[in-house]
Amino acid sequence: MIRGMFLDVLNQGIAAGYLIVAVILARILLKKAPKSVSCFLWLLVGLRLVMPFSFVSSFSLIPSGAEVRGNLTKIMEQNAAGHKELVPSDMMPSGNTDYIDEELIRAIGNNDNSPESVNRPYVFFSIAAGIWLLGMGVMFLYLLISWFRIARKVRLAVPEELYGIKYYRSEAIDSPFLFGLFRARIYVPYGVEAEDLGYVLKHETIHRQRKDYLAKPIGYLLLTVYWFHPLVWAAYFLLCKDIELACDERVIRELGGEHKKEYALALLSCSVNHGTIAACPVAFGETGVKGRVKNVLSYKKPTFWVVAAAAMVIAIVAVCFMTQKVEAGVAQSGNGSKTVLLTNEAGNSNANTQTVQNVVQNATRNLGGIENIQITDADERNEDATHHYYQPPEYFEGVVQWAKAFCNRDGKTLLELTDENGALREALSDSLNLSWGGDDNNEPYASFGWSSPWPLGGGDELGNCWILSASDKEAVILYYAWVSDPHITVWREELSYTMEDGAFKVTSEHIQFLDGICVAEDFYKAYPDGMIDGSMMDYYAYNQCGESLNDNAKNPDMAQHAYAGLDAPDTAAIKLLNILNNENKVRTDVEYLNEEQTQAVVTFTFMENASTAKVRMIKPYGENSIWLPQTY
């Protein structure tokens, strides 16, 4: 769970890093613009750091997840000395914007020939996730200590009032500041001169009106989450600087330019190093006073064209750096066949071949595989561009052979693919009813599996399964097992194998029956990235069972208990997606999406660890139709 959270933060941080660099450059271009413009740009950065999704735009200048993973793959290829095959890393469905995922980390590990560990990078990443959590704790503890330390200092402050502004005098502080969350107060030391006090109170009042006393702690909380990211540190310190500059400008704008000199002198007289309270209040005389004085003395009301240019820069930054590029994927052709559409870049044949390999492997979840691979040139005028067509590595062919044999209950092939030491065969005998021996005529036989539920075989085709990932050592396969109502359950198999002299041998196998799901982790194991559409769990458009279920549910001659609950979105989602039917373990919430109540979102809350998952439900066969799941 911690590792998954760290992955999410890492991917968010990579995307936000491009935006931070863009904002830093924009600040330079907007030197003459109001400093409040820079504050707004930092607001965009804050939103990007917390947004759980990305808008897609053709104008985006941020590299897509596929591009970054492709670059990492090329680096792995260069560093993978002694390896015949490069480990595929782009196993995720089309459109996923992640830059780094667990499959890529495992892939990096699989390129590590060290005898000490078969996957040291994966272990190191797990350790890094723990260090990240510890670092967050340290940063948050510092915030609390700083906050309560200041609160203790000002607890005996004496209230006073000037020009209708209430403030508090304290001898325990050495510079004015605004402090508090819900009732922010102005605190002033006794040493502030009378001629400076009016400017101090005006400055802190502007801070309070702008809600800067909230912006700074929120910025620090984001820094707490992204403490490992140097660009987020830079963004936080520049945010603090821009908050003060924007406040100074507004004071001069409201008081008038004739007060520039006196206000600058007040800044100098109250300046003090406040590194110890940098995470808490907004203080009048914080560090950077020299730059602030210079900005105050040179301040002029911005012209219309400066404001217009600033608005244009904000729009460009938002469109180009808060959006994500569309990734390459598998397209559905008009006749129902699957075609891979990719771009072949001249001079980059290895990377392109690898991309084709990754997409083809991901597309094996479609029954019958891919009928056509089409690669188009990045520049059609380039006659030297080379087309590359995918040739699967031997280990992948072995994984496909195993999956076919599994779906077809082909015990003989499974025996041929297992290590002959016997331990794995005995384990398969216990878990999946593998048996072998000689019949009454002394002819060898092998049997495997049981009648129902079972993933239907497809003869020479792959059958009802999805090869989720595959490397030269390990693979993960999802099987879709059918029961008679009709209904589909999901099995997740993890294989380990070796390739010796071209022979594929499975050395270990573990299968998890994902029925009675009661935590989000298992939900996403069964339905990677929450994908329902286009998979065997798509009862409406893919597996052709939706209408049969609907007819059976309405047929009084059928055993009605088998179809109970399909007339409501929450109970139908529980049954069809193999969720544990226990309200003490799994709570469901339904939100209808239209007035006709034919579309809804069901949220599962798994009480065991407070995790959640969502699925979209539709009612496709009329008013009395059953409900069927789709991707949220």
Side-chain angles (χ1 to χ4, degrees), residues 5-57 59-65 68 97-100 132 135-136 139-140 143 207 210-250 278-280 282 286-288 291 295 307 309-325:
M5 292 170 58
F6 184 46
L7 261 178
D8 291 340
V9 168
L10 198 59
N11 284 301
Q12 288 276 88
I14 292 173
Y18 293 100
L19 176 59
I20 293 172
V21 171
V23 171
I24 292 174
L25 295 176
R27 288 177 77 254
I28 299 174
L29 294 175
L30 298 173
K31 184 176 291 187
K32 294 184 178 181
K35 302 307 177 185
S36 56
V37 173
S38 297
C39 293
F40 184 81
L41 289 172
W42 292 125
L43 174 62
L44 296 183
V45 171
L47 292 174
R48 190 65 188 86
L49 288 170
V50 299
M51 279 192 342
F53 56 88
S54 295
F55 295 102
V56 175
S57 169
F59 298 103
S60 176
L61 297 180
I62 297 179
S64 68
V68 174
T97 58
D98 284 352
Y99 296 94
I100 300 174
W132 165 70
M136 277 202 304
M139 293 284 289
F140 189 71
L143 175 64
H207 270 316
R210 286 166 41 89
K211 307 297 182 184
D212 291 334
Y213 61 92
L214 296 177
K216 193 172 178 181
I218 291 173
Y220 184 85
L221 287 176
L222 288 175
L223 181 64
T224 297
V225 176
Y226 293 91
W227 63 266
F228 59 89
H229 200 315
L231 287 175
V232 177
W233 281 93
Y236 176 72
F237 287 119
L238 291 174
L239 166 69
C240 295
K241 180 179 180 179
D242 288 341
I243 283 175
E244 294 300 334
L245 291 173
C247 187
D248 292 337
E249 288 185 351
R250 182 167 167 183
C280 296
V282 278
E286 287 183 305
T287 55
N295 188 64
V307 174
M312 183 177 297
V313 170
I314 290 175
I316 292 173
V317 169
V319 171
C320 295
F321 294 95
M322 288 198 68
T323 57
Q324 205 81 26
K325 288 182 180 178

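Keep in mind it's a predicted model, so treat the numbers as computed, not measured.
With H207 contributing its side chain and D212 its backbone, the two residues share no donor-acceptor pair below 3.5 Å. Using modelled atom types, one side-chain atom of W227 and one backbone atom of W132 make a donor-acceptor pair closer than 3.5 Å.
A 6.0 Å sphere centred on CZ of F228 holds more than 12 heavy atoms belonging to other residues, nucleotides or ligands.
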Note to self: With side chain to side chain contact (heavy atoms under 4.5 Å, CB included) as the criterion, how do I14 and Y18 come out once you've worked through the C-alpha distance, each side chain's angles and the decisive distance to 0.1 Å?
What the structure shows: CA-CA 7 Å; I14 292 173; Y18 293 100; 4.1 Å; yes
- request: Quick one: do L19 and V317 satisfy side chain to side chain contact (heavy atoms under 4.5 Å, CB included)? Show the steps, please.
  value: CA-CA 7 Å; L19 176 59; V317 169; 3.5 Å; yes
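Atoms CZ and CD1, on F59 and I316 in that order, are 11.0 Å from each other to the nearest 0.5 Å. Summarising the geometry, atom CZ belonging to F6 is positioned 10.0 Å from atom CG belonging to N11; distances are rounded to the nearest 0.5 Å. The line from CG of L223 to NZ of K216 is 12.0 Å long, rounded to the nearest 0.5 Å. Atoms OG1 and CE, from T224 and M139 in turn, are 4.5 Å apart once rounded to the nearest 0.5 Å. The distance from the CD1 atom of I243 to the CG atom of D248 is 12.0 Å, given to the nearest 0.5 Å. Annotation: the span from Y226 atom OH to M136 atom CE amounts to 10.5 Å, rounded to 0.5 Å.
Across A15 and R48, no two heavy atoms sit closer than the pair CB-NH2, 3.2 Å. The two atoms that bring A26 and V313 nearest to each other are CB-CG1, 3.8 Å, heavy atoms only. Contact between I24 and L238 at its shortest, heavy atoms only, is CG1-CD1, 3.9 Å.
When side chains are defined from C-beta on, L221 counts as touching L143, because their heavy atoms get closer than 4.5 Å.
Judged as a side-chain hydrogen bond (donor to acceptor under 3.5 Å, both in side chains), the pairs with a partner in residues 23-38 (not counting sequence neighbours) are, in order, R27-D242. Residue pairs meeting the salt bridge (Lys or Arg N to Asp or Glu O under 4.0 Å) criterion with at least one partner in residues 227-239, sequence neighbours excluded, are absent.
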